[in-house]
Amino acid sequence: MAIDATQPYDETNIFARILRGEIPNKTVYEDEYALAFHDIAPQAPTHILVIPKGPYVSWDDFSARASEAEIAGFVRAVGKVARENGAVEPGYRLLANVGPHSGQEVPHFHVHIFAGKPLGPMLVR
Ligand code: 5GP
């Protein structure tokens with residue numbers, strides 16, 4: 001079910017549990033600010049999720065409340081993960097869902113990296 005991105009952070013959400021090591025994941029990158037892992041239900045040959053380590057519900061929450069260091073660290077991590085997974089030259093797509101109209105399901109801010117084939121139109125109409 002799509003979530004309300006204005007709700008308080010829920011410490012029991014699935015990505016919080018992944019960050020605490022309670023649920024396994026296929027990690028591709030980790031540093032002080034971010035964790036990147038393969039999506040459990042990939043929608044492209046490469047489908048990686050990058051999440052900040054801090055408790056942020058959505059892009060809206062992260063962009064408003066995160067420190068400069070957290071924002072810089074996260075953005076650097078997303079770029080590095082795309083680069084290290086060979087996505088830059090053929091191209092890739094970043095996507096962050098925010099709130100009900102976007103269909104955001106997990107209430108911990110995450111960016112999707114899609115790559116590995118031509119990705120088609122931006123939105124299904
Ligand atoms: P959203 O719709 O919130 O932008 O995307 C949530 C994404 O998280 C979906 O693409 C979904 O497949 C992925 N996902 C949900 N649960 C898990 C999980 O337990 N492990 C991993 N690796 N991905 C998950």
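Keep in mind that the numbers below use all heavy atoms, side chains included, and drop hydrogens, waters and symmetry copies. For ligands, and for the atoms within them, numbers begin at 1 and follow the listed sequence.
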Novice: Can you check whether Gln104 has an N/O within less than 3.5 Å of an N/O in ligand 1?
Specialist: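 Such a contact does not occur with ligand 1.
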Novice: Are the aromatic rings of Tyr56 and Phe109 close, with centres under 6.0 Å apart?
Specialist: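 No, the ring of Tyr56 stays outside the 6.0 Å limit from the ring of Phe109, centre to centre.
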Novice: Have a look at His110, Arg17, His108 and point out the one with the heavy atom closest to atom 6 (C) of ligand 1.
Specialist: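 Among His110, Arg17, His108, the closest heavy atom to atom 6 (C) of ligand 1 belongs to His110.
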Novice: Step through it carefully: locate the ring centre of Phe74, locate the ring centre of Phe62, and say whether they are under 6.0 Å apart.
Specialist: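 Yes, the ring of Phe74 comes within the 6.0 Å limit of the ring of Phe62, centre to centre.
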Novice: Please tell me whether His112 and His110 form a close aromatic pair, meaning their ring centres lie under 6.0 Å apart.
Specialist: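 Yes.
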Novice: Quick check on contacts: which atoms of ligand 1 are under 4.0 angstrom from a heavy atom of Asn97?
Specialist: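 This gives 1 (P), 2 (O), 4 (O) as the contact atoms.
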Novice: Is a salt bridge present between Glu11 and Arg17, judged by a nitrogen-to-oxygen distance below 4.0 Å?
Specialist: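 Salt bridge: no.
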Novice: So which protein heavy atom does atom 9 (C) of ligand 1 come closest to, and at what separation?
Specialist: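 Protein heavy atom at minimum distance: Asp39 OD2, 3.3 Å.
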Novice: Can you tell me if Asn25 contacts ligand 1 (heavy atom of the residue under 4.0 Å from the ligand)?
Specialist: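 Not so, Asn25 does not reach ligand 1.
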Novice: By the rule that ILVMFWY residues connect when side-chain heavy atoms come within less than 4.5 angstrom, directly or transitively, which residues belong alongside Val124?
Specialist: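 None; Val124 is a cluster of one.
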Novice: State which residues pass ring-ring contact (aromatic ring centres under 6.0 Å, His included) with Tyr92; sequence neighbours excluded, sorted by chain then number.
Specialist: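 None.
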Novice: Less than 3.5 Å between some nitrogen or oxygen of Leu49 and one of ligand 1, yes or no?
Specialist: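 Checking ligand 1 against Leu49, no N or O pair falls under 3.5 Å apart.
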Novice: Which ligand 1 atoms does Glu105 reach within 4.0 Å, using its non-hydrogen atoms?
Specialist: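 Near Glu105, the atoms of ligand 1 are 1 (P), 2 (O), 3 (O).
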Novice: Would you mind checking which non-hydrogen protein atom is closest to atom 17 (C) of ligand 1, with the distance to 0.1 Å?
Specialist: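 The closest heavy atom on the protein side is Ile40 CG2, 3.7 Å.
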Novice: Can you tell me if Val106 has a non-hydrogen atom under 4.0 Å from ligand 1?
Specialist: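 The answer is yes: ligand 1 sits under 4.0 Å from a heavy atom of Val106.
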Novice: I want to know if ligand 1 touches Gln43 in the polar sense, i.e. an N/O pair below 3.5 angstrom.
Specialist: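 The answer is no, given that Gln43 and ligand 1 share no N or O pair closer than 3.5 Å.
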Novice: For ligand 1, which atoms have a heavy atom of Gly103 less than 4.0 angstrom away?
Specialist: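 Here the atoms of ligand 1 in question are 2 (O).
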Novice: Do any heavy atoms of Lys26 fall under 4.0 Å from ligand 1?
Specialist: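 Distance cut 4.0 Å: Lys26 fails for ligand 1.
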Novice: List every atom of ligand 1 that sits less than 4.0 Å from any heavy atom of Ala41, numbering the atoms from 1 in the order shown and giving each element.
Specialist: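 With Ala41 as reference, the close atoms of ligand 1 come out as 12 (O).
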Novice: Side chains of Ser58 and Asp60 only: does a donor on one sit below 3.5 Å from an acceptor on the other?
Specialist: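 The criterion, which ignores hydrogens and geometry beyond distance, is not satisfied for Asp60 and Ser58.
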